[in-house]
Amino acid sequence: MLIAWLIVLPLAWALAAWLAGARRGATIACAGVLVQLLLALALAREVAAHGPFTYAVGGWGAPLGIDLHVDGLSALLVLLTEVVALPLVLYTRAWLVAQEQDGTYLWPLLGLLLAALHALFVSADLFNLYVTLELLGLGAVALVASGGERKQLAAALRYLVASLVASGCFLLGVAVIYGIHGTVSLADLAERVPADPTTPTLLAGALMLLGLMIKTALFPFHGWLPAAHGSAAAPVSALLSALVVKASFYVILRLRLSVYSGWAEQLDWLPALLGGGAILYGSWCALRAERLKMLIAYSTVAQLGYLFLLFPLLAVGELALTAGALQILAHALAKAALFAAAGIALLASGRDSVAGLASLAGVLPLTWFAFGLAGTSLMGLPPSGGFLAKWLLIDAAIMRGQWIMILLVVASGLLAAAYIFRILSCAFRSAEREQAVALRPVPRTMEWVAFALAAASVLVGLEANAIAGLLGTGGAR
Amino acid sequence: MSELAAAVALFLLLNLAAALVVVARGPGAADRMLAALLFGTTGVAVLMLSAFVLAQSPVVDVALVLALLAAIAGIAFARRAWQATGHDDA
Amino acid sequence: MNVAVVFDGVLAAGLVWAAAGALLGRDRYRAVILFIVFGLLMTLAWVRLSAPDIALAEAAIGAGLTGALLLDALGGTTAATAGRARRWMVLPLAVTVAAVLAAVLRALPVRSGPLPDAVSAALPESGVTHPVTAVLLNFRGYDTLLEVAVLLAALLGVLGAVRHAEPVRLASAPVLQAAARVLVPLMMLAAGYLLWAGAHRPGGAFQAAAVLAAAAVLLALVGMISGWGRPSLRLRCAIAAGPLLFLAIAAPLAGRAALLVLPPQHAGLLILLIEAGLTLSLGFLLAGLFLALLRSDPVDTGKR
Amino acid sequence: MSATLLYALTGCALFALGLGATVLVTEPLRRVLAFNVMGSGAFLVFVGLAQRAGVSDPVPQAMVLTGIVVAVAATALALALIRRLERDDDDAR
Amino acid sequence: MLEFASTALMLLGAGFFFAGTVGLLRFPDVYSRLHALTKADNLGVGCIALALALQADGLASALKLLLIWPLALLASAAVSYAIAERAHALGTPLGDAGADDPP
């Protein structure tokens, strides 16, 4: 029941926000997201208490109808969505006022995007997943374009094409699956697909995997991401980097754990290998980026690669899954904080460059604090969520004897430290302040949001037990 | 009767292939569009014949919709797309 | 039977040929017109696959909205952004991919899945007698709900990207207007028919909405209605009404039974209500996808 | 080979053509056509493969209808972006 | 008798379509090709609609088939007007194939 409202409510307020116009739209969005946060909390509590459950939309039940399946992982991600969305909604509101823009299209699109995320996290039906992926993709593209600047439109177009190629591949995979097995219900498929999938089933899996890897911007399919996330409005970048790319990763994980649980383990090395490439390439580009938001966007490319290291370790069990979930959580919060802070820097100084940050040295302490805390989590310093995620991953890698992977994880931490210090070092270059231009005032709300998100990304490490507990109630299987 | 209708449908489809050649070959933009219109009318006929051959009356609805909307592409072409320059023929 | 085999063969070859011409040729006019032709051939293919519902949608969308959108885009700018073409690489790649796919799919054993029987079995409780409508609005109505959201997202994206100041109206064309005065009422009639037909034979809200949108496109092309600037509250209400009605029917039983449960005794009426709402709203919405892009270009000024 | 399977295989060819052109041809308008062709190919495979035994199956048909709607939405959004970008190009000239 | 009429009409329709296609391929300029197209294949559609209406199983479906013909006529009249007007406005000359294109 809760889960139904989590899908209906954002759709309803999206429509209401569009009808009501920009100003009242902001209020409606804030109220809607607040209620959603409460619903998500209640949902997580319900799952923790009673375990995973299946919800038959329309009352028909799979395979005729569409089933939703809520387990620890999906409840956690729904909750994460709201925890990230609520501060960002407040941030957006202040940001729009400061930028003297109206959010006529931003607010309703935000509602549609949140509905898509919720629907995706709980969907247990391949074709329904396709529809949610499309809603997510088009919503995200529209959000990038809603700024109306030329570079945003160009980035949005590129994002749209990538997203559509990806959906096409995914849809063909679904078509082949239906052709072979006559159903698109994940639960049904998990039973029907043999432990050693046949070639056509593997082909379908490969097509879906390809599509999802493009949507997750895994190296070398990352080309669209830096432009889109780097040029979108700050709150949109935050939302996209924190949540949207995670959604397609989640679908891969879900498919790997249910339908393709018999997938040969050697095949897991392909995404892991690409993930390794993503860490090195993304970090390298982040080290060289001139624009601040570009740096953060490339950091997303690197951190996403990190998630794909998970696949060869899944055999370890809960441990690997917890590591993955923690990484998703920590990165989502940290990245939202970084983009929020970058938006503040951009607003204050009027320029989007890493070097230009020096003009902010000595002012905006909360924002600098946010940069620092979020950076801690990205680098993986204790006691942050990022630290715990890396620690658990190394633990799992040791169990499997994967020394190269351990090396990669450590290297990724060091690389992250290097590019984060490019940002932080600006805080102390006060010598350059003299030539700085006049700074524009920044609403306090924005600073507090950046700080709160960053703090949450560190504190999430302290909640690891609760998270592992939630995941343990039925896991993702 | 059904065999004849099927044969006529096939004949019209081959006609369409000829029109397709005109669409591809040109020489002018307008010729391509004219060929596309021929395509529409012939398509309507093929649909009507298919409805009869396959004994599927809903297919007549498809023909009806196509006939109703046939004017739109042509008018859009004439009023919105067709310019003296601005395209290069291969 | 032989005639049918040849027919299918010619149609399949035509499809591939039209697609290749549309994607690989150099001329933009040729590409767009071949694509419109491709849509027509797809309509025929759907008929051959016994899928008249899809054929209807393909015909209504391809001949109406998509065709007009693409042709409008052709004339919309004088800049032919050619881009770097690597056309010669397309064919080898395509042949390889197609060969792999075809090799795997051809080897599949011939059998049909369990769902057609399940649909027939549950059809009496669905409220309609046409199976495709039953799947779209009852068994998998949730997909349709999200699909409406997709359309809405696209419209919001289009409106956000275009950012008009003033609504535009094309130069009026009296002769064409006379034709439109005959065609448009007939289109509305056809839309009503398709909506009503959906319950028991191919047709339904989406096809009806596509025909309505086509009517609006025609009216705009002959200069009888204006393009959209920033949509007024009334227009926004018209677009939001259908989805809101859908939500209102979907949600009430979410607590006691489940989202989108339609009690069998009322299902027929509820589906008709949903479809009627969606037809109107999606009609406006789809029309908006074209009307929001309408601009006064050099082309529509007519004579030079 | 049954007629429906022929259409499924045609769908494979269309999908491959569309995929190749979307990836390799950079002209924006052409890319819009290309992903539409790609989608049509996937739709043909969907229905053709599901009905290869000759039994009409309403489920993939309904899904393809949904897919067509999504494709229209995406096409309109892409064209809006393209036209706004080209218009800016023209204005800048 | 009905059977015979249908057969004859269907063959006649096919003939008109064939003539239209040949005209499209052979006539020298846009205007005459317009003629070829709009006259011939509308007659073709009419013949075939009539042929099938004679075979229809009910009045409603027969009427639906017969409705298609005037629709096709109207559409082609509107389109040929629009194209001819535009061709004229663009200064497309008579009797010169493809003159609307730059060399």
Side-chain angles (χ1 to χ4, degrees), chain B residues 1-2 4-5 7-9 11-12 14-19 21-22 25-31 33-35 37-38 40-42 44-49 51-52 55 57 60-61 63-79 81-89, chain E residues 3 6-7 10-11 13-14 17-18 20-22 24-25 29-30 33-34 36-38 40-42 44-45 47-49 51-53 55-58 61 64-65 67-72 74-87 89-92 97-103:
Chain B
M1 197 66 217
S2 183
L4 178 70
V8 172
F11 176 75
L12 292 187
L14 291 171
N15 250 324
L16 283 185
V21 173
V22 178
R25 204 189 59 185
D31 300 290
M33 196 63 222
L34 281 181
L37 294 173
L38 173 69
T41 344
T42 317
V44 169
V46 175
L47 282 170
M48 290 193 292
L49 289 165
F52 180 71
S57 63
V60 178
D61 295 353
L64 195 68
V65 166
L66 208 55
L68 254 179
L69 306 190
I72 293 177
I75 295 178
F77 171 77
R79 283 180 67 84
W82 192 11
Q83 285 160 298
T85 51
H87 65 100
D88 51 333
D89 255 0
Chain E
E3 199 84 335
S6 280
T7 309
M10 227 179 256
L11 289 174
F17 272 111
F18 184 65
T21 311
V22 169
L24 186 72
L25 286 166
D29 60 37
V30 172
R33 280 192 286 264
L34 258 177
L37 198 90
T38 46
D41 42 295
N42 277 305
V45 168
C47 289
I48 285 178
L52 293 172
Q55 298 287 320
D57 46 6
S61 44
K64 215 189 282 174
L65 280 165
L67 178 64
I68 289 177
W69 189 18
L71 283 178
L74 187 60
S76 69
V79 170
S80 40
Y81 168 79
I83 288 189
E85 189 201 47
R86 185 77 192 151
L90 290 172
T92 311
D100 58 309
D101 288 320

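Lettering follows sequence order; numbering is per chain, from 1. Nothing here was measured: the structure is a model prediction, and the numbers come from that model.
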- Region of Ser6(E) that comes under 4.5 Å of a non-hydrogen atom in chain B: both
- Item | Among the listed options Ala14(E), Gly44(E), Gly20(E), the residue most often paired with chain B at heavy-atom distances under 4.5 Å | Ala14(E)
- Quick one: does Thr42(B)'s side chain get under 4.5 Å of Val45(E)'s, heavy atoms only? no
- Query: What distance do Phe17(E) atom CZ and Asn15(B) atom CG have between them, rounded to the nearest 0.5 Å?
  - Reply: 8.0 Å
- Query: Quick one: CG on Leu71(E) to CG on Leu68(B), what's the gap to the nearest 0.5 Å?
  - Reply: 5.0 Å
- Query: Considering only heavy atoms, which portion of Leu74(E) lies under 4.5 Å from any heavy atom of chain B: side chain, backbone, both, or neither?
  - Reply: neither
- Smallest separation among heavy atoms of Ala70(B) and Val79(E), with atom names: O-CG2, 4.4 Å
- Using non-hydrogen atoms only, which part of Ala51(E) is less than 4.5 Å away from chain B: side chain, backbone, both, or neither? neither
- Task: Starting at CE of Met10(E), measure out to CE of Met48(B) and round the result to the nearest 0.5 Å.
- Result: 9.5 Å
- Distance from Glu3(E) atom CD to Leu4(B) atom CG, nearest 0.5 Å? 9.5 Å
- Query: Roughly how far, to the nearest 0.5 Å, is the OG1 atom of Thr41(B) from the CD1 atom of Ile68(E)?
  - Reply: 12.0 Å
- Task: Using non-hydrogen atoms and a 4.5 Å limit, figure out which bit of Ile83(E) sits close to chain B: side chain, backbone, both or neither.
- Result: both
